[in-house]
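Reviewing the structure listed below.
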Protein chains: 2
Amino acid sequence: MTDADTQRMGAAADANVVRRRGTALEDAIFAAAESELTERGFTKTTVKGIAERAGTGKAVLYRRWPNLSELVLDLLRRRSLDLEVPDTGSVRDDLREFLMQACGLLADLPPDAIPGLVASTVQNPELARQISERIGSHRFEDVFRAIFERGAERGEVRPGPYSDRILTLPMKLLRHDLVMGKGVPSHSDIDEVVDVIVMPLMRTAG
Amino acid sequence: MTDADTQRMGAAADANVVRRRGTALEDAIFAAAESELTERGFTKTTVKGIAERAGTGKAVLYRRWPNLSELVLDLLRRRSLDLEVPDTGSVRDDLREFLMQACGLLADLPPDAIPGLVASTVQNPELARQISERIGSHRFEDVFRAIFERGAERGEVRPGPYSDRILTLPMKLLRHDLVMGKGVPSHSDIDEVVDVIVMPLMRTAG
DNA sequence: TTTCCTAAGGAACCTTGCGTCTCTTATCGG
DNA sequence: CCGATAAGAGACGCAAGGTTCCTTAGGAAA
């Protein structure tokens, strides 16, 4: 009986051994991934680190995800994108409310997470699309359109139709700071974007 | 005499051996780096690949740069930032001209280069600052201010002063796409940013 | 309860690239 | 010519990505 055999038998006899399956295991993996990302950043996070933290083996992770980036992408997928469309009676307040919600979705990601994900998946158009979607892309346009159209009916802003450039403007400005490593936009950042750029632009006759 | 000894002596006797020093060597390294980046993308480019392509050893690269990211950053540094301030007589054309120049500096980088660089350096504030600068940052504000002030004198746009939010707007929008892995903005991207966002905003009474 | 199937968990393995070190010697300047 | 230095080549250690193999816990069905 070799040392390895002894070790295996030892493990098998260990009363604390508890194997998880399915959802419970995946929850543990996701929780471990979030912690590793927060503590180490995306660039320094490893599959091994997540596996160990989740109390499992690398092979278990690779049975589910082909690589780290797709695991992290799945982590983003779990966050609800069902944001509420604010209806405060004022375009300005609707925008501020919604942008705060949207930015809050990514508040706990380390600054290198988005650029790191983008860099590692840019060659794969489908993954690139999913990332773009997860961090707020085309879905958000519908919300902004609804806010502007409602405001146009109240005479607050110019009437539509609104081009993609307009509908993507607010998120692009805030996301720019996020992906450039400046961290999550603050409330005053959001206020400035709305008050200095978006509202003046939307009031013009165009 | 071992095989390794024979090999070394063989190399020493090789009439084609030409060692480069200083600038000539660095030029060869930068040229190799550009080619590797173009062919493989940032994520797949290796120090080894660049060294081999430059006909030198890894240690030579590490004598100059602590890692690949700083080599690539130095590559960006070599590109002149002395962009001309256009004076076409029209704000719109000045903007388009300048933005085309600015974007042209990065035209040959693969789409994962900027996000990759950002991700790998975000934890280092000084490097992050330099990258931000290389892909168009605070220096450009002066150019935009000059263009707008000239236009205001002609009555084309509203008068100053112009906040940072205004002065950073065009580059942020283009840079957003760049960092999101969309590649270098096209001329029509630039036209849209100018015509749909910047000019209407700058014409408003504010 | 027993049986069977399957995936969990652990460990070993291979490859690749980062980064380092050593040694020979080409190159340049004095 | 001589001396100093960095180029070039190769070896090395380590870590992480990804893979494979084996034991066995866990769940479902009989």
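To find a chain, count down the sequence lines: A is the first, B the second, and so on, and within it residues start at 1.
Taken residue by residue, residues 23-39 of chain A places heavy atoms nearer than 4.0 Å to DNA chain C at A/Leu25.
For the 3.5 Å distance criterion, the side chains of B/Ser69 and B/Ser120 qualify, holding a donor opposite an acceptor. Looking at A/Ser186 and A/Asp189, their side chains do bring a donor and an acceptor atom within 3.5 Å of each other. Counted by atom type alone, B/Thr121 and B/Asn124 present zero donor-acceptor pairs between their side chains at under 3.5 Å.
Here the P atom of nucleotide C/dG9 and the CZ atom of A/Arg53 are 17 Å apart, to the nearest Å. Distance A/Arg20 CZ to D/dG27 P: 13 Å, rounded to the nearest Å. Across the protein-nucleic acid pair, A/Leu61 atom CG and C/dA7 atom P stand 16 Å apart, rounded to whole Å. As a whole-Å value, the separation of A/Trp65 CH2 from D/dA16 P is 20 Å.
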Could you write out each protein N or O paired with an N or O of nucleotides 1-5 of chain D at a distance under 3.5 Å?
from, atom 1, to, atom 2, distance (Å)
D/dT5, O2, B/Arg21, NH2, 2.8

Listing time: all N or O pairs from protein to nucleotides 16-22 of chain C that are below 3.5 Å?
from, atom 1, to, atom 2, distance (Å)
C/dC18, OP2, B/Val47, N, 3.4
C/dG19, OP2, B/Tyr62, OH, 3.1
C/dG19, N7, B/Lys58, NZ, 3.1
C/dG19, O6, B/Lys58, NZ, 2.9

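Contact annotation: A/Thr56 side-chain N/O to C/dG9 OP1/OP2 distance is under 4.0 Å. Considering only side-chain N and O atoms, A/Arg19 lies nowhere under 4.0 angstrom from the phosphate OP1 or OP2 of D/dT23.
Summarising the geometry, atom CG belonging to A/Leu71 is positioned 10.5 Å from atom CD belonging to A/Glu26; distances are rounded to the nearest 0.5 Å. Separating the CE atom in A/Met171 from the CD atom in A/Glu141 is a distance of 10.0 Å, to the nearest 0.5 Å.
In summary, B/Lys172 and A/Asp177 engage in a salt bridge, as defined by a charged side-chain N under 4.0 Å from a carboxylate O.
Inter-residue side-chain proximity for A/Arg158 and A/Phe148 is flagged as unmet; no heavy-atom pair is nearer than 4.5 Å. Residues A/Ile114 and A/Phe42 form no side-chain contact, since every pair of their non-hydrogen atoms from C-beta on lies 4.5 Å or further apart. Contact check for A/Leu109 versus A/Leu76: side-chain heavy atoms found under the 4.5 Å cut-off.
Remark: aromatic rings of A/Phe98 and A/Phe144 are close, center separation under 6.0 Å.
B/Leu117 pairs in a side-chain contact (heavy atoms from CB on, under 4.5 Å) with only one of the listed residues (B/Leu68, B/Ile131, B/Leu127), which is B/Ile131.
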